[in-house]
Amino acid sequence: ITNLLTATPIIDSTPNIHITGLTPATTYYIWLRSVCDSGTYSDYSTKISFKTEATPATIPYFCDFESDTENNNWFYKTYGNNTTTKWIIYTHAGNGLSSSGTNSAYIYNHFSNQVYDDSAYHAINSTYSSAFYRDINFGTNDTSLLLKFDWKGKANSPYSGILRVYIRDLNETITNNLPINPNDNLGTFYSDDTSWHTAEIELNNITGIKRLYFFAYNNGGGALVLPS
């Protein structure tokens, strides 16, 4: 519901309210107002929105970003000084070697025009990271798995405009723009080519529900082509 006139009212007098029965991976909108003792009301607040977390995927898992339903289960969050550089799923970056479709997930900092070119993809010169993630249930068996993904990106320096990959607990705090123990990433720093490549990483001893992160990271030096 995006219209205040059709929203469901909830009256509560406690400082915090716990809302149950929400649908996963769904955006909800909230308007607030005060109810006075005399039965009069304040004006409504501006609209507040939030999105519920998705139901974790199960393995084996495949995503080529061609399904709107599955795309909605991916989330992004930007850290640091820059709030305009975000992840998007669209067509302008092309698609990787493992997909016959047209979509890919990629970074851009012109949120209004969705143009994949150098003018839109130079990173802003500040230290930031933008995380793109999906929760995955790896089950109870710690068998070996293979993480495979297509990537491209060209950095100005070894630590600017790079792609880092992590698998972490859901409740881990992001500090200094990266997960705790930031050098404990999977694979390498992906940042040295404007053409698509396929990375393969063996995963061992991973069980339960984890968060698969793709972090686009910039230490202030910018990038020629931001990560995809």
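This chain uses plain numbering: 1 for the first residue, then up along the sequence.
- The nearest pair of heavy atoms linking W87 to S130 is NE1-O, 2.9 Å.
- Judged purely by atom type and a 3.5 angstrom limit, E53 has no side-chain atom pairing as donor or acceptor with the backbone of P24.
- A donor-acceptor distance shorter than 3.5 angstrom exists from the side chain of R168 to the backbone of I180, with no hydrogens or angles considered.
- When all heavy atoms of T27 and S49 are compared, the closest pair comes out as CG2-CB, 4.4 Å.
- Side chain of D64 to main chain of E66: a donor-acceptor pair is present (N/O by atom type, distance under 3.5 Å, no hydrogens or angles).
- Heavy-atom minimum distance, F149 versus I201: CE2-CD1, 3.9 Å.
- Across all non-hydrogen atoms, the minimal contact from R134 to A54 is NH1-CB, 4.0 Å.
- For the pair R164 and F215, the cation does not sit on the ring face, since its NZ or CZ is not both under 6.0 Å from the ring centre and inside 45° of the axis.
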Cut-off 3.5 Å, no hydrogens considered: what does the side-chain donor-acceptor table look like for residues 14-22, sequence neighbours left out?
from : atom 1 : to  : atom 2 : distance (Å)
T14  : OG1    : D12 : OD2    : 2.3
T14  : OG1    : N16 : O      : 2.7

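- In this structure, the side chain of E200 does not engage the main chain of L147 through any donor-acceptor pair within 3.5 Å.
- For the residue pair D142 / T207, no side-chain donor-acceptor distance below 3.5 Å is found, with atom types taken as modelled.
- Side chains of E70 and Y61: a donor on one and an acceptor on the other come within 3.5 Å.
- Ionic pairing of D135 and K210 is not present here: no N-O contact between side-chain nitrogen and carboxylate oxygen is shorter than 4.0 angstrom.
- Formation of a donor-acceptor pair under 3.5 Å by the S129 side chain with backbone atoms of N177 is found in this model.
- A donor-acceptor pair shorter than 3.5 Å cannot be found between the side chains of T58 and N137.
- With a 6.0 Å cutoff to the six-membered ring centre and a 45° limit on the axis angle, K51 counts as a cation-pi contact of F75.
- Of the listed residues (F214, Y190, F132, W196), just one forms a ring pair (Phe, Tyr, Trp, His ring centres under 6.0 Å) with W151, and that residue is Y190.
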